Amino acid sequence: MTFLDDIREIEKKWQKKWQEDQVFVNKIDSPYPKWFITVPYPYASGPLHIGHCRTYNIGDIFARYKRQSGYNVFWPMAFHITGTPVQAVAFQIKSKDKEVWETYIDYVSIYEKDPVIAKEIVASFKDQKNVANFFANAIIQDFLGMGFSLDDTRQFTTGDKEYNKFIEWQYKILNEKNLITKGSYPILWCINDKNAVGEDDIQDGDLLKVEVSEFVGIKFKLSNGTFLVAATLRPETIYGATNVWIHPDADYNEIEIDGENWIVSREAAEKLREQEHNISIIREIKGKEVVNEEVTVPITEEKIPIYPATFVDTDHATGVVYSVPAHAPYDYAALIDLQNDDATIEEYNLNQERLSRIKPISLISVKGYGDFPAVELCKMLDVKSQEDKQKLEKATQTIYKDEFYSGIMKEITGKFKGLEVEQAKDAVTSKLKEDNLATAVFETSKKALCRCGAQIIVAVLQDQYFLNYGDEKWKETAFKALNKMTITPDKYRQTFESTFNWLDKRPCVRKRGLGTEFPMTKGEGWIIESLSDSVIYMAFYTIIRSIKENNIQPNQLKPELFDYIFLNKGKMKEVSDQTSLSVEIIKEMKESFEYYYPNDLRHTAVAHISNHLSFAIFHHVAIFPEKYWLPAFSLNEMLIREGQKMGKSKRNVIPIAQIPEKYSVDLTRLHLASIATADTVVDWRETEVNFALQRLRKFWEYANRSVDTVKTENLTPAFPSRIFLSSVKTNLKKALKAIEDSNIRDYVLEGFYSNIRAIDEYHKIAEHLQREERETILREVIEQIIVIMAPVIPHISEELHERMNNQGYVSLKQFPEIKITEQDKSNSLQAKFISNLLEDIEEIVKLVKTTPKKIHIYINADWKNELYRVAQEIFENEAVKIGKIMSAAKESKILSKYMKEIADEAKQMLRDPSIFRIEMLSAENQKKAIEGYREFISRSFVDAEVLVHIASDKEIYDPKNKAQKARPMRPALLLD
RNA sequence: GCGGGGAUUGCCGAGUGGUCAAAGGCGCUGGACUUAGGAUCCAGUUCUUAGUGAUUCGGGAGUUCGAAUCUCCCUCCCCGCACCA
């Protein structure tokens, strides 16, 4: 049996015991104050992996730490199944998507070894309920298999009817508080499915990053009153319009839209239909039919011609653009092309004289450019024609950026003169819209296709419901809550703040996915978006057990009941009548909520800050009274493996279910906890896991050696033992301080690794001590480590705790109080002193390259301590100068005798100002420390004789005059 | 673009004004041991030196008795920007 086999068995043994004894099932009646921690429930559409494990592991360490620090810890778990993923899996299994099938066979095979059964299970996933059930069950087993100290009696899923009632209630409250608004909203839309699409629905959606762009459609009036609508992102350039471009050979429609007649491309007409417009097509025309006609430019009232241009894309916005050759490189290039293109001029019978008269009109002045930036850039980049797309694209980008950020509107723009382009853009748009000369036209930022193959366009949904996170009062209150919260690590507070700042109206209902039906539009197929399922559900944990135990029906979970439990509104008797629930049950639920809430700590991954964690704060302040607001969040970064992000496509995922077999649970927990701080992306590397394994094994061996030790009473520990005890105490104290500050890494480093090193060290320095003493000391230390490290390596700790004949679960055992005394501090200082001394000796030995027979150690005379002390005193208030030291020394009774030496010494001191901060031992104590370790020092250097001298002693052996070089904490050395 | 985070010695990663040439791990080199294991232990891993010295923490400038740590500028990298959980 190897070590790992051993501890794997031990892990199973203790998990079973914890389950049987319901060690972590929480009860209200406890002598300890409650502490309620949540880690967001996982999404049950697939197995979790070691990356998720990092987050839950930290949650568990917090929970176990608090449990061993005098709290009645409550850590429940549930499952998220709403939204689109679970539904999508079911759909793809049903439609026999090969890739998804294979993936899910893989997933299920993690848990079900029999391939026939695994296949049956996957087949059953055509029903979405089975997906959710299978993985919810698998994940809770994963968690318990990791030794997480969960209360697993509170499970539910967000698809449960009872839960839906709770979410309905949430929306009822939000609506009462006027936080839900209604309006129109542009979204990405599949023209085939007639449905909203998200990144997952778009072909290569993860790479394309398609967005909604808002263009301004500007109405240029034709002589017959019909509008030719040209779309632009730069409406402020309307003052520089010289002509309109239209694709001569493409199909355009004359349409009746909202009571007007427009000409736009055929594609545009289709798109506009989805953007809140009533459209009927009057006739179809070719672009060339309007070429050469004149239109009136809005605002300027100029008459400009319509010219043909093949660069115009009819499938982009309205398929018509207006030309601003001064500021738009494409337009300039197209203009020049046309002016030189006699064939086209002839073909469309253009007025050559008029065409040649067209010159760029400058309307923006921008630093670093002349009047016509587009002309300049085209020349600079040597643009040959409008087909020079790459160069033109680059020129366009450059000008757009430069003009947007540093452009100023010129005289020609009338009342907009002097405005920055950034502002003029909005001002001109408003003006145009006011005069009904412009309208918003939405287009996708990139051309994209739905997975179904159809084109994706932008549609405008009417009567869309929003959560109005932009509501001033709401935001203000959320900020107030945030300011009172503890965020760990605190650097993420800024991320919250910036999220809060940009949060605005957010659509809160969907047509796709699983979830709670939106109560205000029953029957219309609107589902509450699934993030609302993750924001106040922590409160639901406090009552779910009562609901299940009492078999309460969903229809009994009326808003009045929730109002009473959560908001203390209404009367118990009335609620009892309304719900047909006994007052006892209602009372029990209310007491449970009031006992557990608020949720003292919510721990999760950094990635969730900008969505559900922020929303959790918003929803809490909107719904609950202040005393139930969230007090604290803690965050951790993600985990990668061997330098690579984990992903199913990379096939480098370690599922949680495989951790116990692959590594062992405690090993994984230990390594995850110590590998990096929470705010660092952790890299899981096999070669480094090995280190944790070796240390764990070493600890296991050390501890098992102590199992049978009978402690010797009334022991007076020798010097090395005292030093050892102090150093372990100091380490443990640091560990406790670290975990108190939520710093799990330091907790493990100090509490575990540093102590193992201390034990190693002790084995060396205590070799000559009596066996009883060594064993007693070691046993004492190991027992302490077991208790304090139990949150990280609970299984091994339980086993050792038991083997050492201790009663009860170590998981429930309270941490000892560790007090660091002055003596401990002095011991640590001595240990440090000795280790520096050893290093110095070693260094010299190495340089000398011979083995010394005698080691003379010269400790400084005490007056040097006094000199340092005086210098340190001066240093506290001002910069230290030689003169200052000298004059202070002159005044000191002790020092005035040594003025000559002090002059040299002071020069030395100034070279290294750090010595003004060192802690010192008196000459006598330095000597004592060395003597306490004499044997060890001697042994370390092939039994050389160790001789200690104090510089001030008379008649010391000092042939090389070393003694005077000794400084406090830094003895001089002579090796013979 | 806006907002945020970051750059540490071969690698990962600690470290926010002073025992910092910089923890710990990995890797590499040498040695010990030898039930020969991809185990364990020890030493080394910027240069220099019978020690207490020099140059280092993306680049440059500054503040300070003292800077990896503070300030400013520059370069580069990462993340978020919503209907996606």
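Note that the coordinates shown come from a computational prediction; the quantities given were computed from them, not determined experimentally. Below, chains carry the letters A, B, ... as their sequence lines are ordered, and counting in each starts from 1.
- Closest to the side chain of A:Leu975, out of B:A50, B:G80, B:G5, is B:A50.
- Within 4.0 Å of A:Asp746, counting heavy atoms only, lies no atom of the nucleic acid at all.
- Distance noted for atom C1' between B:U8 and B:C76: 16 Å (whole Å).
- Scanning atom types as modelled, no donor and acceptor separated by under 3.5 angstrom connect the side chain of A:Asp504 and the base of B:A82.
- Classification of A:Arg970 and A:Asp840 as a salt-bridged pair holds, one side-chain N sitting under 4.0 Å from a carboxylate O.
- Among B:A82, B:A85, B:U19, the nucleotide with an atom closest to any side-chain atom of A:Asn836 is B:U19.
- Using P as the reference atom, B:C72 and B:G6 are 15 Å apart when rounded to the nearest Å.
- Remark: A:Gln694 is in phosphate contact with B:U40, judged by side-chain N or O atoms under 4.0 Å from OP1 or OP2.
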Exercise. Apply ring-ring contact (aromatic ring centres under 6.0 Å, His included) to A:Tyr469 and A:Phe615, showing your working.
Key: CA-CA 9 Å; A:Tyr469 293 122; A:Phe615 300 155; 4.7 Å; yes

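- A distance below 6.0 Å separates the ring centres of A:Tyr663 and A:Trp684.
- Among the protein residues, A:Glu529 comes within range of no part of the nucleic acid, since none of its heavy atoms lies under 4.0 Å from any strand.
- When each of B:A50, B:G4, B:A85 is scored by its nearest atom to the side-chain atoms of A:Tyr43, the top-ranked nucleotide is B:A85.
- For the OP1/OP2 pair of B:A14 and a distance below 4.0 Å, the side-chain nitrogens and oxygens of A:Thr677 include at least one atom meeting the criterion.
- Residue contacts shown for A:Lys960 are absent, as no nucleic acid heavy atom lies under 4.0 Å away.
- A close approach under 4.0 Å does not occur between any side-chain nitrogen or oxygen of A:Thr687 and OP1 or OP2 of B:G25.
- The side chain of A:Ser530 contributes an N or O atom lying less than 4.0 Å from OP1 or OP2 of B:A85.
- Within a 6.0 Å radius of NZ in A:Lys475, other residues, nucleotides and ligands contribute more than 12 heavy atoms.
- Note on A:Arg757: only backbone sugar-phosphate atoms sit closer than 4.0 angstrom, heavy atoms only; bases stay farther off.
- Nearest to the side chain of A:Lys962, among B:A50, B:G5, B:G24, sits B:A50.
- Taking the six-membered ring for Trp and thresholds of 30 and 60 degrees, A:His856 and A:Tyr858 have nearly parallel ring planes, at less than 30 degrees apart.
- Residue contacts shown for A:His612 are absent, as no nucleic acid heavy atom lies under 4.0 Å away.
- A:Lys698 has a side-chain polar atom (N or O) that falls below the 4.0 Å cut-off from OP1 or OP2 of B:C41.
- The minimum heavy-atom distance linking A:Arg602 with A:Ser534 is given by the pair NH2-O, 4.0 Å.
- Closest contact between the side chain of A:Thr84 and the listed nucleotides B:A50, B:C12, B:A85 involves B:A85.
- The side chain of A:Thr680 contributes an N or O atom lying less than 4.0 Å from OP1 or OP2 of B:A14.
- Across all strands shown, B:U75 forms a Watson-Crick or G-U wobble pair with B:A7, both key distances being under 3.5 Å.
- B:C78 and B:C28 have their P atoms separated by 30 Å, given to the nearest Å.
- Within 4.0 Å of A:Ile609, counting heavy atoms only, lies no atom of the nucleic acid at all.
- Summarising the local packing, CZ of A:Phe466 is surrounded by more than 12 heavy atoms from other residues, nucleotides or ligands at distances under 6.0 Å.
- Pairing for B:G1 is with B:C81, a Watson-Crick or G-U wobble pair whose two hydrogen-bonding atom distances lie under 3.5 Å.
- Distance A:Ile841 CD1 to B:U52 C1': 14 Å, rounded to the nearest Å.
- Separating the P atom of B:G60 from that of B:G15 is a span of 26 Å, rounded to the nearest Å.
- OP1 or OP2 of B:A85 lies within a sub-4.0 Å distance of a side-chain N or O belonging to A:Arg510.
- Within the nucleic acid shown, A:Ala972 comes within 4.0 Å of at least one base atom, counting heavy atoms only.
- When Watson-Crick and G-U wobble pairs are counted only if both distances are under 3.5 Å, B:U46 pairs with B:A54.
- B:U40 and B:A32 make up a base pair, with Watson-Crick or G-U wobble contacts both under 3.5 Å.
- In the set B:G51, B:G3, B:G6, B:G6 carries the atom at the smallest distance from any side-chain atom of A:Lys491.
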